[in-house]
Amino acid sequence: MNMLAKISNVVGSQASPANAGLVVTNVSKTFSVTAQSRMEPLQALKNVDLFCPQGSLTALIGPSGCGKSTLLRTIADLETPDSGEITICGESIRKILTRGELGIAFQDPGLLPWRTVRENIALPIQVLKRPVGEASAHINTLISLVGLAGFENALPAQLSGGMRQRVAIARALVTRPSLLLLDEPFGALDQILRRTMNLELQRIWMGDVTTAVLVTHGIDEAVFLADQIAVMHGKPGRITTIINVPFERPRPESLFSAPEFHRLCDEVAQHLHH
Ligand SMILES: Nc1ncnc2c1ncn2[C@@H]1O[C@H](COP(=O)(O)OP(=O)(O)OP(=O)(O)O)[C@@H](O)[C@H]1O
Ligand SMILES: [Mg+2]
């Protein structure tokens with residue numbers, strides 16, 4: 001079965017352990033020590049349900065402080081939910097982590113300053129105690145994909161902010177993750193590079209078809225990349241709307257100027273501002 005058929009089969013179908021991608025059920029999270037310590041405990045997530053079919057890309061969009069990063073961090077097991085459950089194809093995130101099948105890239109690239117581009121990208125392989133040599137060809141492909149050929153031996157301090165983010169994206173992909181979590185990975189990129197990276201991310205993701213969740217403030221980025229868009233609102237943090245994005249893949253750059261693309265962007269904007 002080709003990949004597109006595979007995706008259209010799972011999108012819209014019911015979650016079951018056999019076909020389920022990421023299933024977030026009734027997840028709540030309260031921070032008792034808040035940034036403004038005088039305040040009441042802060043409910044960052046309240047009864048969040050989200051179903052991301054296997055092989056689909058979900059964009060998470062919402063105003064600053066509504067809980068997007070908290071949701072992503074909770075999925076990645078970097079925060080412990082107060083209640084609720086999160087599974088990936090019926091398994092816990094811990095199992096996925098042990099097998100090295102989680103790829104994450106956050107807005108702050110978090111590179112090791114003493115390691116070269118290549119060594120930073122290879123890090124997750126070493127953490128899993130797998131031979132880096134065997135992944136060498138894949139690392140080269142990723143370096144080219146993110147447009148860093150020629151910079152393999154550069155140190156992070158010698159790169160621009162956007163180049164560092166691209167290293168972080170390559171690092172997130174190096175273990176061929178079954179779940180990819182990206183928190184505003186293109187935040188520091190200029191508009192032109194951002195568009196190039198949107199096209200690249202679609203290509204990279206279609207090549208490996210992992211289940212992906214992308215946090216973004218860009219409505220056009222969400223509509224271009226996602227199969228579904230989850231709109232969040234804050235106080236308490238919750239998902240208020242799910243919007244399906246019907247455009248066929250691969251989506252061409254010309255989609256950015258299509259009337260139906262702008263119509264869907266307007267619809268997302270309306271949900272965002274209500
Ligand atoms: N570790 C923490 N301790 C206390 N409060 C926190 C913590 N992490 C996040 N918060 C609070 O939870 C709320 C949601 O934060 P979060 O970072 O998830 O927002 P966000 O939607 O990602 O925002 P942005 O778009 O600005 O990145 C905010 O009010 C924030 O102050
Ligand atoms: Mg955030």
Side-chain angles (χ1 to χ4, degrees), residues 22 24-52 57-86 93 97 102-111 161-162 164-169 171-172 177 179-191 194 197-198 201 211-226 228-243 265 268-274:
L22 169 66
V24 176
T25 314
N26 211 14
V27 163
S28 297
K29 171 80 189 172
T30 300
F31 290 113
S32 47
V33 181
T34 61
Q36 294 158 285
S37 51
R38 288 173 293 121
M39 284 173 54
E40 299 280 293
L42 183 126
Q43 186 149 34
L45 300 174
K46 186 178 182 190
N47 302 340
V48 171
D49 288 318
L50 180 63
F51 171 42
C52 307
L57 197 152
T58 299
L60 209 53
I61 198 163
S64 180
C66 73
K68 304 179 297 296
S69 294
T70 304
L71 178 55
L72 221 61
R73 291 173 55 80
T74 307
I75 293 169
D77 199 31
L78 296 167
E79 302 280 359
T80 311
D82 304 331
S83 57
E85 196 189 21
I86 297 169
I93 187 68
L97 282 167
L102 175 69
I104 43 178
F106 290 159
Q107 184 164 17
D108 171 5
L111 305 179
R164 281 184 219 135
Q165 278 190 323
R166 285 183 275 151
V167 176
I169 292 168
R171 184 185 53 191
L179 179 64
L180 182 63
L181 304 176
L182 304 173
D183 195 348
E184 297 189 50
F186 309 132
L189 302 188
D190 66 65
Q191 190 59 35
R194 204 176 167 121
M197 286 304 296
N198 285 170
L201 180 63
T211 306
V213 184
L214 167 79
V215 172
T216 176
H217 282 286
I219 295 179
D220 57 345
E221 187 166 284
V223 173
F224 184 77
L225 284 170
Q228 61 173 1
I229 300 174
V231 180
M232 279 188 81
H233 280 93
K235 296 181 185 160
R238 66 219 185 276
I239 291 173
T240 46
T241 315
I242 299 280
I243 299 162
C265 288
V268 176
Q270 275 173 17
H271 285 289
L272 205 51
H273 297 132
H274 282 107

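Count residues from 1 along the sequence. Atoms within a ligand are numbered from 1 in the order they appear, just like the ligands themselves.
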(message) Among T58, L201, T216, which residue satisfies the side-chain contact (heavy atoms from CB on, under 4.5 Å) criterion with L225?
(response) L201
(request) Find all atoms of ligand 1 within a distance of less than 4.0 Å from any non-hydrogen atom belonging to H217, and give their numbers and elements. (result) 25 (O)
(request) Enter the distance from L71:CG to I239:CD1 here, rounded to the nearest 0.5 Å. (result) 6.0 Å
(request) Going by heavy-atom distance to atom 16 (P) of ligand 1, choose the closest among V215, T70, I61. (result) T70
(request) May I ask you to check whether E85 and T25 show a side-chain donor-acceptor distance below 3.5 Å? (result) no
(message) Give the atom numbers and elements of ligand 1 that come within less than 4.0 Å of a heavy atom of K68.
(response) 18 (O), 20 (P), 21 (O), 22 (O), 23 (O), 24 (P), 25 (O)
(request) Answer yes or no: does an N/O atom from E79 fall short of 3.5 Å to an N/O atom of ligand 1? (result) no
(request) Could you tell me which atoms of ligand 1, counted from 1 in the order shown, lie closer than 4.0 angstrom to a heavy atom of L42? (result) 11 (C), 12 (O), 13 (C), 29 (O)
(message) Less than 3.5 Å apart, any donor N or O on the side chain of S28 or N47 sitting next to an acceptor on the other?
(response) yes
(message) Let me confirm one number: the CE-CD distance from M197 to Q165, rounded to the nearest 0.5 Å.
(response) 8.5 Å
(message) Under 4.0 Å, heavy-atom basis, I'd like to know which part of E184 is in contact with ligand 1: side chain, backbone, both or neither.
(response) side chain
(message) Regarding atom 20 (P) of ligand 1: of the candidates G65, G62, A44, which has the closest heavy atom?
(response) G65
(message) Please tell me whether D183 and S69 have a donor and an acceptor in their side chains that are separated by less than 3.5 angstrom.
(response) yes
(message) Less than 4.5 Å apart, side chain to side chain, heavy atoms only: is that true for V24 and D49?
(response) no
(request) Record the part of M232 in heavy-atom contact with ligand 1 below 4.0 Å; permitted values are side chain, backbone, both and neither. (result) neither
(message) At a threshold of 2.8 Å, where the distance has to be below it, does the Mg ion (ligand 2) have an N, O or S atom of S69 nearby?
(response) yes
